[in-house]
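Working notes for the structure below.
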Amino acid sequence: MTTETHKKPGLETLRATISRLEGHSDRRRTVLPFGVREIDARLPGGGLALGALHEVAGGGNDALHSAAAAQFCAGIAARTRDKVLWIVTRQDVFAPSLKQVGLSARRTIYVEASSEVDVLACFEEGLRHGGLGAVVAEVARLSMTASRRLQLAAETSGSLGIAIRRWRRQTDAADFGQPTASVTRWRVSVLPSVPLPVPGVGRPRWLLELIRARAGECADFEVEACDAKGRLAPCSPIADRLSLPAALADRSDQEATGQRRARA
């Protein structure tokens, strides 16, 4: 019995080690809800898993620029705690646009990496640090081996890892279809902005495609882009958007009628 007692803890440790290497963790993950019922209902736990790796890419022409994808990621990172590490390969991140979705420059640490190898190295090191709310990195290629290392690092520290898949040529975007160890995979495409009752540009809208969700379901969502607190909003029905101009028109008619009566 003494021998079995000594062997049992060692066996449990070995099983836990194998589970971590395979990308499975028994430690209960917390989630970061989007606050949009349709999206959270599709994600295990009711939100985006913390302590995990996620992938985001732009759709269409945004696959090269990743402007909408970057704002989507910034909105997520803005709702985490602590500092955010943002790793880039090109000096074209427009910080004011990230601030519009809630991620201030005071919370963000920018790192420019000269190669894909350096990006992945900084990405993994940032996730292992443990003192960061989120680590965001622009990644062109992401192999299964590299993604497993990133996923394991995120699980160990509990930090949120987001890989923005960005390419220099449209043909390179085919790499987005290759399998990785990420928990979710998203594609963000730009839609026409929300119509306004007066001349001007309304709130941007996106088509969010949840292409992969571990233990979840794939789905598409039309949403209004992140606001100043990093929160998405479901697109308002057309009837609701038209109700304001109709109300304004009714009010104008009533005022005109009142003016005619006053003259009479």
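Here the structure is a predicted model, which is why all the values come from computation and not from measurement.
Residues that satisfy the side-chain hydrogen bond (donor to acceptor under 3.5 Å, both in side chains) test with S115, not counting sequence neighbours, are D118. When the side-chain hydrogen bond (donor to acceptor under 3.5 Å, both in side chains) test is applied to R187, the partners found at least two apart in sequence or on another chain are E209. Every side-chain contact (heavy atoms from CB on, under 4.5 Å) that F94 has, sequence neighbours left out, goes to P96, S97. Scored by the side-chain contact (heavy atoms from CB on, under 4.5 Å) test, V190 finds A68 as partners (sequence neighbours excluded). For D92, the salt bridge (charged side-chain N to carboxylate O under 4.0 Å, His left out) test picks out R166, with sequence neighbours left out. Applying the side-chain contact (heavy atoms from CB on, under 4.5 Å) criterion to R149, with sequence neighbours excluded, gives E124. Under the side-chain contact (heavy atoms from CB on, under 4.5 Å) criterion, V101 pairs with Q71, A74, C226, not counting sequence neighbours. By the side-chain hydrogen bond (donor to acceptor under 3.5 Å, both in side chains) test, W186 pairs with T184, sequence neighbours left out. Checked against salt bridge (charged side-chain N to carboxylate O under 4.0 Å, His left out), R231 has no partners two or more places apart in sequence or in another chain. The side-chain hydrogen bond (donor to acceptor under 3.5 Å, both in side chains) test applied to D175 returns R165, not counting sequence neighbours.
Counting only residues at least two apart or on different chains, no salt bridge (charged side-chain N to carboxylate O under 4.0 Å, His left out) pair has a member in residues 104-113. Note on residues 65-81: no pairs pass salt bridge (charged side-chain N to carboxylate O under 4.0 Å, His left out), not counting sequence neighbours.
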